[in-house]
Amino acid sequence: AQAGLKLRPHPHRRPCSEVALLPRRAMDENKLRKVFATMDTDSSGSIDEFELHSAIRMLGIKVSDNSAKKCLKLVDADSNGTIEWPEFKAFFGKVNDAEGIKCLLSSSNQRFFEYKQQVETDASFAKTFAIPPYGPKPKLLNTYHHDQIEEVVWLSDTLLATGSLDGEVKIWDRTNLGGMIPKPMKSFKADSSLYTMAASSDGARVVTGLEDGKIVEWSVADGVATTIYRGHDAAVYSSKFRPDDAYFASGNKVGHICQHDVNVAEPVLSWKAHEGIVNSVDYEKSAGQLLCTASSDSTVKVFDMRLVGEDSTGMVVEIEDAAASEKVFRALWRNEREIVSCGDDYCVKRWDLRNLRDGPVCSYFGHVSPIRALELSPCGRFIVTGTTTGSVRLWLVDEQGLVSEKLAAAQKIHEEGIGRRDEVVNKCQNGEAFEMTELKSLSAEAEKSQVELDRLKKIKSNHDSMHYTQATIALESPSMSISSVAWRDLPDGTSCLAYGAYDQKVRLFNFKADAYYVVKTPKEK
């Protein structure tokens, strides 16, 4: 599972191996010497990994830290951990542009790298993707927080908690938001900036991760702090309760993860997991023994909590380049085999942990800015995303699977309809009695089913060639960063999405999810 990833070949691009073999003009040696000398600040005749990353950027090529590490391994022919001039020249003399570097560094990531580059450099590129229609207008909740909202979590079918950067938490009843200035049921405030918040499944407790490294548990009923958890020496950026609420995990600014027993202030597990900020943590829901994490070091990792100890981090899976450019903001379990992630390469990706060699099983394109917020519906059929420029979209998780399912059903309906029509035609040909109105009706049904069958075949062909999914609907939102999205299925069969933004407001979108579990052509979208 930790093997290097490889995406399906893009239908309109040469494979990387072919690109690498195309004739190239070597980079100018004088330019290379100048770059090398600039990086070799102590005139030692060698440069290290961080200096190499700077050198790549000086050559006008954007790569992630993770890709720079791979580059070091490729360049460092004698494996001594540093790069001397002959090695530097031998490597960079083979390539003369970003395309060559990408091919040599990470062929699996080129589609996503290119997608982000095209969004940033080609003003017309966004027109390549269908703009989804807007859904019904959401209800606006002005929370009157004094700082940007960092987290929104559901406590029950009616209660919602919002947490802002200044450390304040407010509890709201979504059924009682009337008046010019809605009043929260309760509010309480930590003494440090808040970066993350998680709620227990019964909604009785919330924990807040703070800038000073503390994690504070609050009683929702009383609005008072009940426990202060220790274990972090840097700002806490992510948190999540285990499904049984007996433990919770948290990640901090410097890549450290802790797992706490809710009854004990000191962590029961603590280890260095990443080289960057741990932006999200999420327990696998069936047993709660597997934890997936997303980090600014461009990786998604899965840890078996039963294996974590002094001699082991417990890591069982690593997706090295989950974000092509750098940061992974969220990684969530869809089921025991699949993880969905998003990051600053403007893409969402769905990974099958049983087969990472072929890259993500599905990619979701259309956003044109980093995707900071991500949520999955409890049924696992929908994804909701929010970006740093305020775009919120709803996606079908497995649209291709739905298309195949609908296509098979349409094929069966069409064949059965043709069979009924042909029975009547045979009666006519054999001189038997038949109803002309019945024949006309069955012929019309056969034509209608043929149209639907052709439509679904066209959609499937389109999916097979694109290897990506586009959003079903867009939701009204501000032109400011969406920080958090929370989904709640309600007893009446509807669902409610709550998404918070840096404008100190929360938008509540109540809808029937099944109405959007349909297959639409690009024009219908």
Side-chain angles (χ1 to χ4, degrees), residues 115 119 126-141 152 154 174 329-330 332 334 340-342 346-350 362-403 405-406 455-456 458-460 462-463 466 468-490 492-501 503 505-525:
Y115 176 78
V119 168
K127 296 179 182 178
T128 304
F129 302 91
I131 299 175
Y134 274 86
K137 189 172 183 178
K139 185 173 185 177
L140 184 65
L141 167 61
V152 176
W154 286 103
R174 71 172 181 85
F329 289 120
R330 291 287 185 275
L332 304 175
R334 183 190 177 218
V340 179
S341 66
C342 67
Y346 311 166
C347 306
V348 175
K349 299 159 194 170
R350 178 161 59 93
C362 187
S363 307
Y364 306 80
F365 287 163
H367 278 308
V368 293
S369 56
I371 303 169
R372 184 182 172 192
L374 176 72
E375 177 71 314
L376 279 162
S377 63
C379 64
R381 297 191 302 178
F382 298 94
I383 296 172
V384 185
T385 54
T387 73
T388 56
T389 55
S391 175
V392 178
R393 293 183 178 181
L394 177 73
W395 316 68
L396 292 178
V397 172
D398 188 12
E399 188 172 36
Q400 194 162 5
L402 178 60
V403 170
E405 177 186 319
K406 296 292 185 182
R455 183 181 80 91
L456 290 170
K458 183 178 180 180
I459 294 173
K460 187 176 187 305
N462 194 40
H463 270 275
M466 291 189 306
Y468 63 78
T469 293
Q470 298 186 65
T472 298
I473 60 168
L475 299 178
E476 182 182 283
S477 54
S479 57
M480 302 180 75
S481 182
I482 304 300
S483 54
S484 179
V485 181
W487 182 302
R488 186 80 179 190
D489 284 339
L490 304 176
D492 63 1
T494 64
S495 301
C496 190
L497 280 179
Y499 47 102
D503 64 353
K505 296 180 178 64
V506 171
R507 287 155 179 85
L508 297 168
F509 177 56
N510 191 258
F511 67 112
K512 196 166 182 62
D514 284 345
Y516 297 102
Y517 193 64
V518 293
V519 177
K520 293 184 177 182
T521 62
K523 286 186 178 180
E524 290 178 302
K525 288 183 178 180

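All of these numbers come straight from a predicted model, not from anything done at the bench. Sequential numbering from 1 along the given sequence is applied to the chain's residues.
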Please check if the side chain of S484 supplies one atom and the backbone of V152 the other of a donor-acceptor pair under 3.5 Å.
yes
Are any non-hydrogen side-chain atoms of E375 and L394 less than 4.5 angstrom apart?
no
May I ask you to decide whether D398 forms a salt bridge with R334, counting only side-chain N to carboxylate O separations under 4.0 Å?
no
Straight-line distance of T494 OG1 to N510 CG, nearest 0.5 Å
4.0 Å
Going by the angle between their ring planes, with limits at 30° and 60°, are W487 and F382 parallel, tilted or perpendicular?
parallel
Indicate the atoms forming the closest heavy-atom contact of L374 with L332, along with that distance.
O-CD1, 3.5 Å
Distance, nearest 0.5 Å, that separates CD1 of I383 from SG of C362
7.5 Å
To check you understand the geometry: which heavy-atom pair defines the closest contact between P132 and A471, and what is its length?
CB-O, 3.7 Å
Residues passing the side chain to side chain contact (heavy atoms under 4.5 Å, CB included) test with T387, sequence neighbours excluded, are H367, S369, I371, T389, S391
Rounded to the nearest 0.5 Å, what separation is found between the OG atom of S341 and the CZ atom of R350?
11.5 Å
Checking W395 against T472 for the side chain to side chain contact (heavy atoms under 4.5 Å, CB included) test, could you report, in this order, the C-alpha distance in whole Å, the side-chain angles of both residues, the deciding distance, and whether it holds?
CA-CA 5 Å; W395 316 68; T472 298; 5.6 Å; no
As an exercise, state the distance from OG of S495 to OH of Y516, rounded to the nearest 0.5 Å.
11.0 Å
Output for pair (M480 CE, K505 NZ), nearest 0.5 Å, gives 9.0 Å
Does T385 form a side chain to side chain contact (heavy atoms under 4.5 Å, CB included) with C342? I'd like the steps, not just the answer.
CA-CA 9 Å; T385 54; C342 67; 5.6 Å; no
Tell me, with the steps shown, if R381 and Y517 meet side chain to side chain contact (heavy atoms under 4.5 Å, CB included).
CA-CA 8 Å; R381 297 191 302 178; Y517 193 64; 3.3 Å; yes
Could you state the interatomic distance from CG (L475) to CZ (F511), rounded to the nearest 0.5 Å?
7.5 Å
Nearest heavy-atom pair of R372 and S483: which atoms, and what distance?
NH1-CB, 3.8 Å
Tell me every residue that passes side chain to side chain contact (heavy atoms under 4.5 Å, CB included) with A373, counting only those two or more places apart in sequence or in another chain.
I482, V485
What are the two closest heavy atoms between C347 and F365, and how far apart are they?
SG-CE2, 3.2 Å
Donor-acceptor side-chain pairing of R393 and Y364 below 3.5 angstrom:
no
I would like to know whether L497 and R488 meet side chain to side chain contact (heavy atoms under 4.5 Å, CB included); could you show each step before the answer?
CA-CA 6 Å; L497 280 179; R488 186 80 179 190; over 6 Å; no
In terms of heavy-atom contacts, W154 and A486 come closest through NE1-O, 3.3 Å
Might you point out which heavy atoms bring G493 and K512 nearest each other, and give the distance in Å?
O-NZ, 3.7 Å
